[in-house]
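In what follows, a single structure is set out as structure tokens and then discussed.
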Amino acid sequence: MAGEAKAARPVEKGNMGNHGQLINVLFTMLLFLVFVLCALFTVLIGGQVYENINARSQENFTGSVALQYVANKVRQGDREGGVNVIVVDGTPVLEIASDMGDYVSWIYYRDGAVCELFSDPADGLGLEDGLKILECEGFDVGQSEDKRIIHIATEGEGSGSLSLALRSGGGIDE
């Protein structure tokens, strides 16, 4: 009788195989889900990093471009008496003489932008007639008492300052 009881309960090996296969499929799906989530977070974090870099680059662009623009203009007009800071209608103006007769370039700050006016002072044009070169939050220009150094500064985000020595290239007759 004892032998009959053992034979009456067959062992189901097929059911254990399906259970192991189900665990393998679930593990594979879970691993795929983790991979997809990692990829998604990588893209989101990368997008945020790109936005931060772009914002900082834009801030630096405004300040440095205004400074470099004015510095290049000063270097172009750097000759004896060719660069001065004057005040026109209460606004400090960088005046750079040109090689074209009595024409001068005025570089100044007005209405939230660095502006430039290239004209003959006898023409009667004023600060409102200049062209906007670059928008920025603030721009200041000054000159040392001995008129040998020009100080340029931008304000706001990405601000900076620059001092330029006039006649820095020097000449034989100096």
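These numbers were taken from a predicted model, which means no experiment stands behind them. Quick note: residue numbers are just sequence positions, from 1.
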If two hydrophobic side chains count as joined below 4.5 Å and joins carry through other members, does [X] share a cluster with [Y]?
{"X": "V85", "Y": "V93", "answer": "no"}
{"X": "I53", "Y": "I45", "answer": "yes"}
{"X": "V83", "Y": "Y69", "answer": "yes"}
{"X": "I133", "Y": "V141", "answer": "yes"}
{"X": "I107", "Y": "V74", "answer": "yes"}

Listed by chain and number, what are the side chain to side chain contact (heavy atoms under 4.5 Å, CB included) partners of V34, not counting sequence neighbours?
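If we apply the side chain to side chain contact (heavy atoms under 4.5 Å, CB included) test to V34, skipping adjacent residues, the hits are C38.
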For side-chain contact (heavy atoms from CB on, under 4.5 Å), just list the numbers for Q143 and L166, CA-CA rounded to whole Å, side-chain angles, deciding distance to a tenth of an Å, and then say yes or no.
CA-CA 10 Å; Q143 190 170 19; L166 297 177; 3.9 Å; yes
Kindly write out the residues that satisfy salt bridge (Lys or Arg N to Asp or Glu O under 4.0 Å) with D146, not counting sequence neighbours, or none if the list is empty.
none
Would you confirm whether S119, through its side chain, and P121, through its main-chain N or O, come within 3.5 Å as a donor-acceptor pair?
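Checking the backbone N and O of P121 against the side chain of S119, no donor-acceptor pair under 3.5 Å is found.
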Any side-chain to backbone donor/acceptor pair from S144 onto I149? Under 3.5 Å, distance only.
yes
Gap separating the [atom1] atom of [X] from the [atom2] atom of [Y], nearest 0.5 angstrom:
{"X": "L164", "Y": "N72", "atom1": "CG", "atom2": "CG", "value": "9.5 Å"}
{"X": "L37", "Y": "F41", "atom1": "CG", "atom2": "CZ", "value": "6.0 Å"}
{"X": "Q76", "Y": "S105", "atom1": "CD", "atom2": "OG", "value": "8.5 Å"}
{"X": "S161", "Y": "L67", "atom1": "OG", "atom2": "CG", "value": "7.5 Å"}

Does any non-hydrogen side-chain atom of [Y] lie less than 4.5 Å from one of [X]?
{"X": "L94", "Y": "I150", "result": "yes"}
{"X": "L22", "Y": "N24", "result": "no"}
{"X": "L33", "Y": "M29", "result": "no"}

Check residues 123-131 and write down every donor-acceptor pair under 3.5 Å in which the side-chain atom is one partner and the other belongs to a residue at least two apart or another chain.
from : atom 1 : to   : atom 2 : distance (Å)
D129 : OD2    : G126 : N      : 2.8

Nearest heavy atoms of V114 and A66, plus distance in Å
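Minimum heavy-atom separation between V114 and A66: CG2-CB, 4.4 Å.
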Would you sort out whether L30 and L26 count as a side-chain contact (heavy atoms from CB on, under 4.5 Å), showing the intermediate values?
CA-CA 6 Å; L30 184 64; L26 286 176; over 6 Å; no
Criterion side-chain contact (heavy atoms from CB on, under 4.5 Å) on L134 and F139, from CA distance to verdict
CA-CA 10 Å; L134 181 69; F139 176 80; over 6 Å; no
Could you note down all residue pairs passing salt bridge (charged side-chain N to carboxylate O under 4.0 Å, His left out) where residues 89-111 supplies at least one of them, sequence neighbours left out?
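Those involving residues 89-111 are R79-D99.
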Contacts satisfying salt bridge (charged side-chain N to carboxylate O under 4.0 Å, His left out) that involve residues 65-76 (not counting sequence neighbours) are K73-E116
Please collect all ring-ring contact (aromatic ring centres under 6.0 Å, His included) contacts where either partner lies in residues 77-125, sequence neighbours excluded, each pair once.
Y103-F118
